[in-house]
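Below is one structure; the comments refer to it alone.
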Amino acid sequence: MSSKNPYLAKKAPVELDKFEAKTRGYRFATKKLLEGIQKVEGKIIDLGSGTANSTLEISSKYRGSDNQVTAVEQGKEAHNLALMKFGLSTIDFSNIEDEKLTGFFLEFRKEAMPLNDRVKFHLRNVQDVDDFFEGKAGLVVGNHLWHWLVKQGVEDKALLAVKTVLNGDGILAINTSSHLMMPVKYDIKDTSIFHHPLMRRFFESLQRKAKERAGLDIPMVEHPEPIFERENLIKKFEAAGFELVEYDEYLISVGHDPETGEDNFREGALMLSNYHMKYHAKNRALYDLGLNDAEMDAIVETARTETLENIGNDLEHQGHIYDVNPKFVFKKRKY
Ligand SMILES: C[S@@+](CC[C@H](N)C(=O)[O-])C[C@H]1O[C@@H](n2cnc3c(N)ncnc32)[C@H](O)[C@@H]1O
């Protein structure tokens, strides 16, 4: 299997951070991933560090004198944004019109700057980490990364490289999303964004609009087939010289602020409409049907408008979950 990394697109990292500014989702996912790992001996590597949301969580949690953090990212735009957020390059806000995003960057910078002498950013491929990382690491983290390695067909090379850079007791902590691996503790019908009542209503509207505007019959969008399976992943890692020390799953709710613990379902509905409806409509329903971008956008927009017009104050989606994050913590086997 091989597929292009969508985060390499020029605008993708800013979109990722617009989402982060609203949800703190990547930061929260990193925090939950590392919950059971209180102390680390030695250096830490953040693989697929993107725009450094995971890097900030890692460098602020582990502040031991030897816990230097190496962040590895293959996307140039994401790498540059990460440097900016850590105060390692100048800020240029001239083309950022989103106030929430600007505020988020400023707040981020305040927290990250005091840590920036302990973090090194590398514009490199994860699977080549053994070529440039110096010394040995006590912890390697991949927050929302592993599925991309699987899709790019570089998982085996990455596993070998991680094994090479980890020290004898080293830990590898990774997670993914229930869009990509079926959770085992939760029923997908209760948790998946694709079964969210508001998203359901949107997909039905999308079917109607595709018919009216383009004469197309599109199937109902369903929860996607997972790209990997829990047991196979564990077997693969065991064969590569790791043993599983922790498996868990945690929930990320729509409209739930992980920082304050507060629920704001209206904010959740807006998040769904601003981000997920657009993204999943195009990626899961409209691509490959021969429509151009403008036609796709028009169908998505009319369906979105119809869905939002009808929600009014109706918060029927309360209690539904946005995503389940399965997490795996492995230890390098000594023999
Ligand atoms: C979903 S983002 C998560 C970013 C970051 N870990 C966070 O939590 O904010 C995944 C990142 O992995 C990067 N990535 C994917 N495959 C990669 C590879 N083979 N080498 C380096 N980076 C990669 C992507 O460019 C993207 O920035």
Side-chain angles (χ1 to χ4, degrees), residues 1-34 44-61 69-86 101 104-105 108 111-112 119-133 139-162 165 172-181 227-228 250 252 258 275-276 279 283 322-323 325-327:
M1 192 188 315
S2 143
S3 123
K4 204 167 176 295
N5 172 3
Y7 293 100
L8 299 183
K10 206 167 180 345
K11 273 165 62 186
V14 174
E15 290 304 315
L16 195 144
D17 267 11
K18 276 190 190 162
F19 187 58
E20 186 68 11
K22 289 205 179 83
T23 63
R24 304 289 193 273
Y26 285 108
R27 184 112 191 237
F28 177 67
T30 311
K31 187 178 181 163
K32 297 294 283 182
L33 174 61
L34 302 175
I44 301 172
I45 306 179
D46 182 16
L47 294 180
S49 48
T51 61
N53 297 310
S54 46
T55 318
L56 180 57
E57 184 59 34
I58 295 166
S59 52
S60 94
K61 172 164 178 154
V69 179
T70 298
V72 184
E73 168 58 43
Q74 69 177 192
K76 193 161 185 269
E77 309 288 334
H79 172 78
N80 287 341
L81 201 49
L83 291 178
M84 185 278 269
K85 286 164 76 184
F86 262 81
L101 186 60
F104 167 69
F105 283 155
F108 191 107
E111 194 180 342
V119 182
K120 281 209 173 70
F121 291 94
H122 293 261
L123 179 59
R124 295 294 300 256
N125 291 326
V126 158
Q127 61 274 22
D128 300 331
V129 65
D130 53 337
D131 287 346
F132 60 91
F133 180 75
L139 171 66
V140 173
V141 184
N143 187 50
H144 281 255
L145 164 79
W146 210 260
H147 34 273
W148 294 114
L149 304 183
V150 175
K151 286 185 192 186
Q152 290 160 30
V154 297
E155 183 189 20
D156 292 346
K157 187 166 192 305
L159 260 183
L160 210 64
V162 170
V165 296
L172 168 61
I174 60 164
N175 59 6
T176 184
S177 140
S178 53
H179 297 179
L180 304 146
M181 192 200 93
I227 68 159
F228 49 77
Y250 48 93
I252 300 187
Y275 182 79
H276 297 87
Y279 180 82
N283 278 303
Y322 149 55
D323 200 12
N325 279 193
K327 77 166 180 180

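Both counts, for ligands and for their atoms, begin at 1 and track the order of listing. Start at 1 with the first residue, then count along the sequence.
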### Summary
Counting heavy atoms under 4.0 Å, the part of A158 that contacts ligand 1 is neither
### Query
Which atoms of ligand 1 have any heavy atom of G50 under 4.0 Å away?
4 (C), 27 (O)
### Task
Assert yes or no for the condition that the ring centre distance of W146 to F228 is strictly below 6.0 Å.
no
### Task
Taking the side chain as every heavy atom from C-beta outward, state whether K32 and N325 have any atom pair closer than 4.5 Å.
no
### Query
Which bit of L8 is near ligand 1, meaning a heavy atom under 4.0 Å away: side chain, backbone, both or neither?
neither
### Minimum-distance protein heavy atom relative to atom 9 (O) of ligand 1
N53 CB, 3.4 Å
### Message
If the contact criterion is a heavy-atom separation under 4.0 Å, does A78 count as touching ligand 1?
### Response
no
### Task
Measure from the side-chain N and O atoms of N5 to the backbone N and O of Y7, and report whether any donor-acceptor pair falls under 3.5 Å.
yes
### Query
What are the atoms of ligand 1, with element, lying closer than 4.0 Å to any heavy atom of R124?
21 (C)
### Query
Under 30°, 30 to 60°, or over 60°: which ring-plane class applies to H144 and Y26, parallel, tilted or perpendicular?
perpendicular
### Query
Would one find an N or O of N5, backbone or side chain, under 3.5 Å from an N or O of ligand 1?
yes
### Task
For ligand 1, find out whether one of its N or O atoms is nearer than 3.5 Å to an N or O atom of H144.
no
### Query
Any nitrogen or oxygen of D46, main chain or side chain, under 3.5 Å from a nitrogen or oxygen of ligand 1?
no
### Query
Please state which protein non-hydrogen atom is closest to atom 23 (C) of ligand 1 and give its distance, to 0.1 Å?
Q74 CG, 3.7 Å
### V150, L56, V126: member with heavy atom nearest to atom 20 (N) of ligand 1
V126
### Query
Which residue supplies the protein heavy atom nearest to atom 7 (C) of ligand 1, what is that atom called, and how far is it?
S54 OG, 3.3 Å
### Message
Within the 4.5 Å heavy-atom criterion, are Y250 and L33 side-chain neighbours or not?
### Response
yes
### Message
One residue to check: N143. Relative to ligand 1, which of side chain, backbone, both or neither has a non-hydrogen atom less than 4.0 Å away?
### Response
both
### Query
Does K61 NZ have over 12 foreign heavy atoms under 6.0 Å away?
yes
### Message
Taking S177's backbone N and O only, do any of them form a donor-acceptor pair with D323's side chain (distance below 3.5 Å, no angle check)?
### Response
no
### Task
Give yes or no for whether the N/O distance cutoff of 3.5 Å, strictly under, is met between G48 and ligand 1.
yes
### Query
Is the backbone of L149 close enough, under 3.5 Å, to the side chain of E155 for a donor and an acceptor to pair up by distance?
no
### Query
Is there side-chain contact between N53 and D17, with at least one heavy-atom pair below 4.5 Å?
yes
### Query
Is there a nitrogen or oxygen of W148 sitting under 3.5 Å from a nitrogen or oxygen of ligand 1?
no
### Query
Any idea which protein heavy atom is nearest atom 16 (N) of ligand 1, and the distance to it?
Q152 NE2, 3.0 Å
### Task
Supply the atom-to-atom distance H147 NE2 to T176 OG1, rounded to the nearest 0.5 angstrom.
4.5 Å
#### Entry: Region of E20 engaging ligand 1 - heavy atom pairs below 4.0 Å
neither
### Task
Please confirm whether Y26 comes within less than 3.5 Å of ligand 1 when only nitrogen or oxygen atoms on both sides are compared.
no
### Message
With salt bridge (charged side-chain N to carboxylate O under 4.0 Å, His left out) as the criterion, how do K85 and E20 come out once you've worked through the C-alpha distance, each side chain's angles and the decisive distance to 0.1 Å?
### Response
CA-CA 13 Å; K85 286 164 76 184; E20 186 68 11; over 6 Å; no
### Query
Backbone or side chain, does any N or O of Y7 fall under 3.5 Å from an N or O of ligand 1?
no
### Message
I need the D46 CG to T55 OG1 distance, nearest 0.5 Å.
### Response
4.0 Å
### Query
At what distance is the nearest protein heavy atom to atom 27 (O) of ligand 1, and which residue and atom is it?
E73 OE1, 2.8 Å
